[in-house]
Amino acid sequence: MASPSRIELRPGNVFIGVGTDMHEYRTHRCGDLRIEHAGEKVRLSGWIHRKRDHGNLLFVDLRDHYGITQCVVDSSSPIFGVVEDARNETVICVTGKVVPRSDETVNSSIPTGEVELVIQEVEVLGPAETLPLQVNSDEDYGEETRLRFRFLDLRRDRVHSNIVLRSRVISDIRRRMTEQGFVEFQTPILTSTSPEGARDFLVPSRLHPGQFYALPQAPQQFKQLIMMAGFDRYFQIAPCFRDEDARADRSPGEFYQLDIEMSFVTQEDVFAALEPVLNGVFNEFGDGKTVTAAPFPRIPYEDAMLKYGTDKPDLRNPIEMSDVTDVWRGTDFKIFAKGIEKGAVVRALPVPSAANQPRSFFDKLNDWARKEGAGGLGYILFQDGEAKGPIARFLDEDRLSKLQNITGFEDGDAVFFVCERAETAAEFGALARTRIANELELIDQNTFKFCWIIDYPMYELDPRTGTLEFSHNPFSMPQGGLEALEAKDPLDIKAFQYDIVCNGIELSSGAIRNHRPEIMYKAFELAGYAASEVEARFGGMLNALKFGAPPHGGSAPGIDRIVMLLAGEENIREVTMFPMTQQAQDLMMGAPAVVSKSHLEELHVRVEMPPTKDE
RNA sequence: GGGGGCGUAGCUCAGCUGGUUAGAGCGCUGGCCUGUCACGCCAGAGGUCGCGGGUUCGAGUCCCGUCGCUCCCGCCA
């Protein structure tokens with residue numbers, strides 16, 4: 001017989017000898033027993049999932065992590081009363097004989113449904129009080145109850161399996177990364193504040209009064225330093241901390257990234273490393289949905305903004321916008337023509353097979369558009385070779401054929417028009433695109449569509465101050481290098497900066513990094529930072545760049561969002577074991593909390609409360 | 001920081017234009033029931049209607065404030 005350390009916990013395994021030396025708690029798990037076990041004396045431990053009490057005959061569904069087994073006892077047994085008195089969710093250990101069920105009483109909906117355990121001995125291991133939420137129910141409980149009693153919520157099937165899925169996804173990612181030659185490292189949790197980006201979490205220093213550590217917003221600088229240290233290919237399931245407000249798809253405070261960085265690579269090399277990992281993981285855990293095959297489409301930022309109105313397009317949506325400003329310029333439809341004169345653009349949204357929708361469909365959309373603050377949502381229907389609808393008459397043959405060339409509409413389609421300033425047109429067009437596709441159920445729910453968004457602008461103007469600032473990561477390499485920084489209009493410079501998007505959800509951003517100090521100085525100079533300031537803020541990294549830095553780049557897909565997509569969950573709490581509320585509180589552990597005075601004194605910290613309203 | 005939704009029994013919710021003793025399902029307690037699998041049947045307990053103030057003869061319901069949960073905007077290099 002194998003030594004205990006080599007015994008695996010697999011369904012069907014008897015992992016401890018049965019008989020006189022029966023294990024104290026269990027010989028099998030609650031998902032194990034099959035018809036082959038009939039006649040054996042076994043021991044199970046688990047939670048009372050549900051009882052069916054017939055007075056003189058009592059069924060107990062005993063549940064553990066692995067499954068449910070029906071146990072049965074009748075009033076002739078001396079321990080009948082003990083089982084009858086135990087509440088749901090009480091942890092018990094039962095010993096008895098496995099018996100086959102009669103044909104009429106087999107339960108084909110559970111794997112153990114052909115047998116049941118006749119209870120001969122019972123021990124209550126952990127009694128349960130009256131429950132604040134019922135584990136054996138699909139009822140949708142309020143967040144407050146669920147989070148305060150998360151340990152109960154986690155017993156329930158849906159969250160329990162989400163968390164297991166999360167674990168399996170992470171294991172699978174680790175395996176795929178390791179097999180590609182990536183090496184996993186840990187980076188510091190207590191580090192320095194990062195000068196750009198989100199709000200930091202600060203940790204006061206006991207040894208250095210008045211000084212603070214910060215929790216890393218991401219291991220960005222560390223992973224670059226790992227490349228400069230010559231490790232070539234790094235990855236980590238990295239905790240990241242940002243003190244920003246939560247959303248349904250954004251935990252307050254903390255989240256995890258698959259953080260990766262590679263040396264001597266181009267943008268394409270990074271894509272080639274990540275694509276098989278993402279495609280593989282989504283195929284493995286995507287519940288049979290189709291997954292974009294590598295190489296994923298690469299969409300330049302500018303194209304994405306024009307076609308989808310956003311840099312995180314949902315490619316499941318077949319509607320692609322195009323610019324038709326010229327088609328409407330100078331027509332008698334004054335709303336558009338005058339708008340165009342004042343600098344507005346017109347975007348077309350061709351919607352396949354929408355021409356036969358009832359009038360009310362178009363009216364409803366128009367009402368919605370006005371409520372969103374747009375002028376409206378004009379449209380033309382193409383039916384039986386004719387252009388129909390309220391504004392169709394403003395376009396002559398020439399203009400209509402031009403429109404067809406641009407949008408590629410076919411007979412039976414409808415084309416919607418958005419006329420706004422370019423930025424608003426993109427924003428509102430994106431909303432309309434999503435809205436229309438949802439109304440007409442054009443979104444394929446059985447697929448994961450990936451794409452890379454590439455060629456992000458290096459700089460943008462701050463809309464309030466009009467000053468030049470980094471539009472993404474200041475450590476990205478500008479396309480064209482130093483030459484571009486010196487010669488081009490900064491707003492025309494692109495960066496080797498890219499996002500990966502799946503079904504309209506941004507999974508990560510990444511970049512080829514700027515590994516040349518002189519380019520770094522220049523890039524920051526354009527954004528208004530003096531060399532001395534750059535040195536003060538990024539001294540450590542800048543220093544490393546000066547002692548032989550390899551070209552390098554990477555990315556960091558969000559683990560939580562990957563699991564959300566795979567689990568089909570809309571809310572990140574459903575895939576997080578111990579989440580906080582939207583107000584960043586842990587209701588179960590009671591965090592954050594007031595700490596003792598001595599605690600604070602040790603850290604040289606004094607609390608000053610914000611003024612209350614009547615002060 | 002701002003906007004929306006929700007807050008009634010342990011839990012999920014109903015409660016009309018303000019009007020007698022605030023209801024249901026699940027859970028809980030007690031009773032009956034030997035083949036159920038969301039077992040069934042009978043009975044019972046359980047409520048400061050989030051909290052504070054106001055309007056009114058009368059407030060779960062209307063108004064103001066406040067707290068909690070949530071969704072969104074801002075924020076998230």
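In the text below, chain A, chain B and the rest are named by the order of the sequence lines, each starting its count at 1.
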Below 4.0 Å: OP1/OP2 of B:rU36 and any side-chain N or O of A:Arg52:
no
Atom CE of A:Met580 and atom C1' of B:rU70 are separated, to the nearest Å, by 16 Å
Counting the atoms with a prime plus P, OP1 and OP2 as sugar-phosphate, which does A:Arg247 contact under 4.0 Å by heavy atoms, base, sugar-phosphate, or nothing?
base
Please report the distance separating the C1' of B:rC13 from the corresponding atom of B:rG47, rounded so that it comes out in whole Å.
15 Å
Most 5' of A:Gln583 and A:Asp245 on RNA chain B, judged by nearest nucleotide:
A:Gln583
With the side chain of A:Glu244 defined as its heavy atoms from C-beta on, choose the nearest nucleotide among B:rA38, B:rU12, B:rC76.
B:rC76
Expressed in whole Å, how much space separates the C1' atoms belonging to B:rG50 and B:rC75?
30 Å
For B:rG1, which nucleotide in any strand shown is its Watson-Crick or wobble partner with both distances under 3.5 Å?
B:rC73
Which is true for A:Arg573 with a 4.0 Å heavy-atom rule: it touches a base, it touches only sugar-phosphate, or it touches nothing?
sugar-phosphate
In the strands shown, is B:rC28 matched to any nucleotide by a Watson-Crick or G-U wobble pair with both distances under 3.5 Å, and which?
B:rG44
Starting from C1' on B:rC6, measure out to CG on A:Asp140 and report it in whole angstrom.
13 Å
Would you call A:Glu244 and A:Arg250 a salt bridge, taking side-chain N to carboxylate O under 4.0 Å as the test?
no
Return the value, rounded to whole Å, for the distance between atom CD of A:Glu129 and atom P of B:rG10.
15 Å
For a quick check of understanding: with a heavy-atom distance under 4.0 Å over all strands, which category does A:Glu143 fall into, base, sugar-phosphate or nothing?
sugar-phosphate
Side-chain polar contacts of residues 467-480 of chain A - donor-acceptor pairs under 3.5 angstrom, sequence neighbours left out - could you list them?
| unit_1 | atom_1 | unit_2 | atom_2 | d |
| --- | --- | --- | --- | --- |
| A:Thr467 | OG1 | A:Thr465 | OG1 | 2.8 |
| A:Ser471 | OG | A:Pro457 | O | 2.4 |
| A:Ser471 | OG | A:Met458 | O | 3.4 |
| A:Asn473 | OD1 | A:Phe475 | N | 2.7 |
| A:Ser476 | OG | A:Asn473 | O | 3.2 |
| A:Ser476 | OG | A:Gln497 | OE1 | 2.5 |
| A:Gln479 | NE2 | A:Asp455 | OD1 | 2.9 |
| A:Gln479 | NE2 | A:Ala495 | O | 3.0 |

Rounded distance in Å between the C1' positions of B:rG1 and B:rA9
37 Å
Between B:rC71 and B:rG18, how far apart are the P atoms? Round to whole Å, please.
33 Å
Would the base of B:rC76 count as contacting A:Arg250 through its side chain, where contact means a donor and an acceptor less than 3.5 Å apart?
yes
Can you tell me if A:Tyr234 and A:Gln236 form a side-chain donor-acceptor pair at under 3.5 Å?
yes
What's the closest nucleotide to the A:Asp61 side chain, out of B:rC69, B:rC37, B:rC11?
B:rC37
Base-pairing mate for B:rU66 - Watson-Crick or G-U, with both contacts under 3.5 Å:
B:rG50
Find the distance A:Arg148:CZ to B:rG10:C1' and express it as a whole number of Å.
14 Å
Exercise: do A:Thr576 and A:Arg573 side chains pair donor with acceptor under 3.5 Å
no
Only pairs under 3.5 Å count here: list side-chain donor-acceptor contacts from residues 518-525 of chain A, not counting sequence neighbours, and write none if there are none.
| unit_1 | atom_1 | unit_2 | atom_2 | d |
| --- | --- | --- | --- | --- |
| A:Glu518 | OE2 | A:Arg516 | NE | 3.4 |
| A:Glu518 | OE2 | A:Arg516 | NH2 | 3.0 |
| A:Tyr521 | OH | A:Glu535 | OE2 | 2.5 |
| A:Tyr521 | OH | A:Lys546 | NZ | 3.2 |

Kindly assign one of parallel, tilted or perpendicular to the pair A:Phe428 and A:Trp368, based on the angle between their ring planes and the thresholds 30° and 60°.
parallel
Considering only side-chain heavy atoms of A:Asn571, which listed nucleotide, B:rU12, B:rC76, B:rU70, is closest?
B:rU70
In the structure shown, which nucleotide is the Watson-Crick or G-U wobble counterpart of B:rA59, with both distances under 3.5 Å?
none
Just the rounded figure in Å: distance from C1' of B:rC13 to CD of A:Glu139.
8 Å
Using Watson-Crick geometry (N1-N3 plus N6-O4 or O6-N4) or G-U wobble (N1-O2, O6-N3), each under 3.5 Å, B:rU21 is paired with none
For B:rG10 and B:rG27, measure between their C1' atoms and round to the nearest Å.
7 Å
With a 4.0 Å cut-off, would you call A:Asp138 and A:Arg156 a salt bridge?
no
Go through A:Asn162 and A:Glu569 one step at a time and tell me if the side chain to side chain donor-acceptor pair (under 3.5 Å) criterion holds.
CA-CA 9 Å; A:Asn162 281 352; A:Glu569 294 287 1; 2.9 Å; yes
Taking B:rG54 as the reference, what is the distance to B:rU12 when you measure between their P atoms (whole Å, please)?
31 Å
Do A:Asp499 and A:Tyr456 have side-chain atoms, one donor and one acceptor, less than 3.5 Å apart?
yes
Quick tally for nucleotides 28-35 of chain B: nucleotides whose base has a protein heavy atom under 4.0 Å get B, sugar-phosphate-only ones S, the rest -, giving SS---BBB
Select from A:Lys51 and A:Phe255 the residue whose nearest nucleotide in RNA chain B is closer to the 5' end of that strand.
A:Lys51
